[in-house]
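See below for the structure under consideration.
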4 protein chains.
Amino acid sequence: MAVRVHSAEDRRRQILDAAVRAFARRGYEACRVGEIATEAGVAYGLVYHYFHSKEEILETIFRDTWNLMLEAIEAVEALEEPADVQLRKVIAIVLRTWKVNPDLVRVLVREVTRTPHLQSEVTEIQQAFDALERIVARGQEQGVFGRELEAKLVGWSLYGALEELLTGWVMGQLPGTDDDVLRAERSLFALFTRGLAARA
Amino acid sequence: MAVRVHSAEDRRRQILDAAVRAFARRGYEACRVGEIATEAGVAYGLVYHYFHSKEEILETIFRDTWNLMLEAIEAVEALEEPADVQLRKVIAIVLRTWKVNPDLVRVLVREVTRTPHLQSEVTEIQQAFDALERIVARGQEQGVFGRELEAKLVGWSLYGALEELLTGWVMGQLPGTDDDVLRAERSLFALFTRGLAARA
Amino acid sequence: MAVRVHSAEDRRRQILDAAVRAFARRGYEACRVGEIATEAGVAYGLVYHYFHSKEEILETIFRDTWNLMLEAIEAVEALEEPADVQLRKVIAIVLRTWKVNPDLVRVLVREVTRTPHLQSEVTEIQQAFDALERIVARGQEQGVFGRELEAKLVGWSLYGALEELLTGWVMGQLPGTDDDVLRAERSLFALFTRGLAARA
Amino acid sequence: MAVRVHSAEDRRRQILDAAVRAFARRGYEACRVGEIATEAGVAYGLVYHYFHSKEEILETIFRDTWNLMLEAIEAVEALEEPADVQLRKVIAIVLRTWKVNPDLVRVLVREVTRTPHLQSEVTEIQQAFDALERIVARGQEQGVFGRELEAKLVGWSLYGALEELLTGWVMGQLPGTDDDVLRAERSLFALFTRGLAARA
DNA sequence: GATGAATGAGATTTCATTCAT
DNA sequence: AATGAATGAAATCTCATTCAT
């Protein structure tokens, strides 16, 4: 009786992880199914044993992980701390994820908003935007934030700023040590709350 | 010398413009060369008379547009106005492009990740980042902006925010009327200079 | 271990053999990749599973055949028989190939000029010339052949004569029955050793 | 009134000469019509003003020059000198042509026997083979040559040897100075009349 | 006569997916 | 479960020829 080195779930994960690396490297469209198999160290055909199509792999990556991030963000909201504290925590959650799995972040932030394949997922992405918008709006109601700016626009801008920093790290164009990440957290928070203007 | 209905440069532009529309409609990968030809109202083969490959068309669109954008940004820098005025003008330049040519913006934002191997483009994009960083740094020297934040991080964040707003408009997820664009300009400027914090 | 009807090497050969027949029938340029696949009884795409391009198929045919031919010629040289015997055997080897595989010869002689940019082939052909030259030179050292003629020129002339006879057979302009081939062997040998001159 | 630099006939010749060089360099099939035009220094379309098709150019080259060579050979035959003298003269005619126009020779000898385009021309080539065969046969009748060898086979072999030497020169694989050509004439003549065999 | 842009049929090549072992 | 050969639709690209100027 041979030793079962891999359970079915292990295999699935092995392929998904490989796909994340492969998609991160070349982009979803340019990435060939064979590259995923090679990256995972399994046979070509096995990819299709666990997934129906290349697209299903991307969808699975998305669903499996985006929800985790949403849950983390919603957990922050649930604590009912002041909005600026929440804002700071959300920035930390998103940026620190990069330290844990930069390839995953890259796939999530870049492919998912840009491919027509995931129209069905737009709902989930929208939830992230909505959460950011909600936090800003709550801050305005609480008087922590000023009312001059539209919450929606701030949410989108913050999302874009986060995405760009992550991209810079993933692409190696911005230095991304632990310390850089911490500094970025503080700076981004400061930028979005106090702005660039010189203090009196 | 006979009158030419179309100069070579006219034809090139005709095909490039058609490609922008076709890429915008279906995405680079999904768009067939035949569609570009049909959209341009020329024969299939003529596309290859003016460009070596479909990829070269995308490259050309990127380079041409970025160069125009860079020239505009550098023209702003050349005026030697205060950095906050410059910042505001650059935001306007970028966002108003959406008004002028939404298809073009759609292609730029959707396909920017498709051309990571066209490392030559990165140079141009990098120059845009550098310009934003320069303006922020100059503002800090002038005392218009505080010195607390790293210019580089602010530059990247602003780029990301701009790109995300354009994406939202392109994808139809953010309302993008003339008025929305004007408001977004003002708001983004306010966000980056004064931040969200409630005023005393 | 399951029994495989076709090993990878079998399939490769199956496609190469089909390509030889297809190239022989229509010529390399006129032959379509689909014809090779049909001739081999496999799907279109499988041809590209085993070869990168149509040109690689032709190259492979050339290299494989030349290597076999070279081995045969070198085997003759290794026997250390008198040079005239070696010369006769080499002539036989080359001309009898026509009997064994006329399609192959047809491709080799018809397409040899099509691959001038495949300079790698030239190496192998050059080795054949060298072998012929060596045999002649050895005969001159052994005193079997006279020293009046340059070995190199004789080698080239013999190669040309052999190729032209094969061409004549391939093109159907010379009768090429078994008997004709045998007579040609004897005659060519006689021509190159004793010449045309009337005997005293 | 502008000076007529080029007569129509001049232009035709200019294009034909360019085609000879282009065909010689890359082979008929691989040679593009545009290369002929560039080589001739004329506009693309002008090629089609003087010739109906690429194939017609090859045919024209063939017809224009092959007949000249045939006439030269037939002139040799007409002199009614001994067959060995005729043989020597024919060898000289063919080899010396190389000095005059190696590219032309290359196209004539290589393309013409191998392309299916010129089936109609086979007649003319056949005449060259026939002439060689006739000279050999006449020598046998005259007692200058032995009767052991079939005249047809000798004719083909000589044609092949000539072709190969020309190819070697054209391809730069054989040294081809005036002196080399003269020596080759003598040697080929000696080879075909007296053979390689050591003299008693 | 001269030009070179324009045409489009038809070729090669790619690659997601299937399937026999 | 695991393998990788097999499939073929659909894409990109080529280039001889035409034609308007």
Side-chain angles (χ1 to χ4, degrees), chain A residues 2 4-8 11 29-37 42-57, chain B residues 1-8 10-12 29-37 40-56, chain C residues 1-8 10-12 29-37 40-57, chain D residues 2 4-8 11 29-38 42-57:
Chain A
R4 256 298 261 301
V5 177
H6 299 292
S7 72
R11 275 280 195 241
E29 291 282 355
C31 175
R32 304 296 159 223
V33 175
E35 292 180 63
I36 299 173
V42 301
Y44 196 121
L46 200 61
V47 174
Y48 281 88
H49 192 78
Y50 287 95
F51 300 94
H52 288 87
S53 68
K54 187 178 146 184
E55 187 171 340
E56 194 193 87
I57 298 175
Chain B
M1 193 55 63
V3 175
R4 288 243 214 107
V5 175
H6 300 291
S7 75
D10 285 349
R11 272 279 195 246
R12 240 184 104 84
E29 292 282 352
C31 174
R32 304 302 153 215
V33 175
E35 293 179 61
I36 299 174
V42 301
Y44 196 118
L46 197 62
V47 174
Y48 284 90
H49 189 78
Y50 287 94
F51 300 93
H52 288 85
S53 65
K54 183 178 145 185
E55 187 169 341
E56 194 191 273
Chain C
M1 192 53 64
V3 175
R4 289 244 214 107
V5 176
H6 300 291
S7 75
D10 285 349
R11 272 280 196 247
R12 239 184 105 83
E29 291 281 353
C31 174
R32 305 299 153 215
V33 174
E35 293 180 59
I36 299 174
V42 300
Y44 200 120
L46 197 61
V47 174
Y48 284 90
H49 189 79
Y50 287 95
F51 300 94
H52 288 84
S53 66
K54 183 177 145 185
E55 187 169 341
E56 194 191 271
I57 297 175
Chain D
R4 252 305 254 298
V5 177
H6 300 290
S7 73
R11 274 282 196 239
E29 292 282 355
C31 175
R32 306 294 159 223
V33 174
E35 292 179 62
I36 299 174
T38 304
V42 301
Y44 196 121
L46 199 60
V47 174
Y48 281 88
H49 192 79
Y50 287 94
F51 301 93
H52 289 86
S53 68
K54 187 177 146 186
E55 186 170 339
E56 193 192 88
I57 298 174

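A, B, ... follow the sequence lines: proteins, then strands. Residue 1 opens every chain. Heavy-atom basis, side chains included; hydrogens, waters and symmetry copies ignored.
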Report yes if a side-chain nitrogen or oxygen of [X] is closer than 4.0 Å to either non-bridging phosphate oxygen (OP1 or OP2) of [N]; otherwise report no.
X	N	answer
C/Tyr50	F/dA6	yes
B/Arg11	E/dA6	yes
C/Arg32	E/dG10	no
C/His49	F/dA5	yes

In whole Å, I'd like the distance from the [atom1] atom of [X] to the [atom2] atom of [N].
X	N	atom1	atom2	answer
C/Glu55	E/dA11	CD	P	18 Å
A/Ile57	E/dA16	CD1	C1'	11 Å
B/Glu29	F/dT12	CD	C1'	12 Å
B/Asp10	E/dA5	CG	C1'	13 Å
C/Arg12	F/dA6	CZ	C1'	17 Å
D/Leu46	F/dT18	CG	P	15 Å
D/Phe51	E/dA2	CZ	P	13 Å
B/His52	F/dC13	NE2	C1'	12 Å

* Could you let me know what F/dT21 is paired to, Watson-Crick or G-U wobble, both distances under 3.5 Å, or none if it's on its own? =>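 In the structure as shown, F/dT21 has E/dA2 as its Watson-Crick or wobble partner.
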* Partner of E/dG8 by Watson-Crick or G-U wobble geometry, both contacts under 3.5 Å, or none? ->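 Pairing partner: F/dC15.
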* Pick the nucleotide of DNA chain F nearest each of B/Lys54 and D/Tyr48; which residue has the one closer to the 5' end? ->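 Result of the comparison: B/Lys54.
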* **side chain to side chain contact (heavy atoms under 4.5 Å, CB included) between C/His49 and C/Val42, worked out** => CA-CA 11 Å; C/His49 189 79; C/Val42 300; over 6 Å; no
* Asked: Which nucleotide in the set E/dA16, E/dG8, E/dT12 lies at the smallest distance from any side-chain heavy atom of A/Val33?
  ->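 Selected nucleotide: E/dA16.
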* Identify which nucleotide among E/dT13, F/dT7, E/dT3 has an atom closest to any side-chain atom of C/Tyr44, counting heavy atoms from C-beta outward. =>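 Ranking E/dT13, F/dT7, E/dT3 by closest atom to the C/Tyr44 side chain puts E/dT13 first.
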* Identify, between C/Cys31 and B/Gly45, the residue whose nearest nucleotide on DNA chain E lies closer to the 5' end. =>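 The residue closer to the strand's 5' end, by nearest nucleotide, is B/Gly45.
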How close do [X] and [Y] get, heavy atom to heavy atom, and via which atoms?
X	Y	result
C/Tyr50	C/Ala8	CE2-O, 3.6 Å
D/Ser53	D/Tyr48	CA-CE2, 4.1 Å
D/Tyr44	D/Ala37	CA-CB, 3.8 Å
A/Glu29	A/Lys54	O-NZ, 3.3 Å

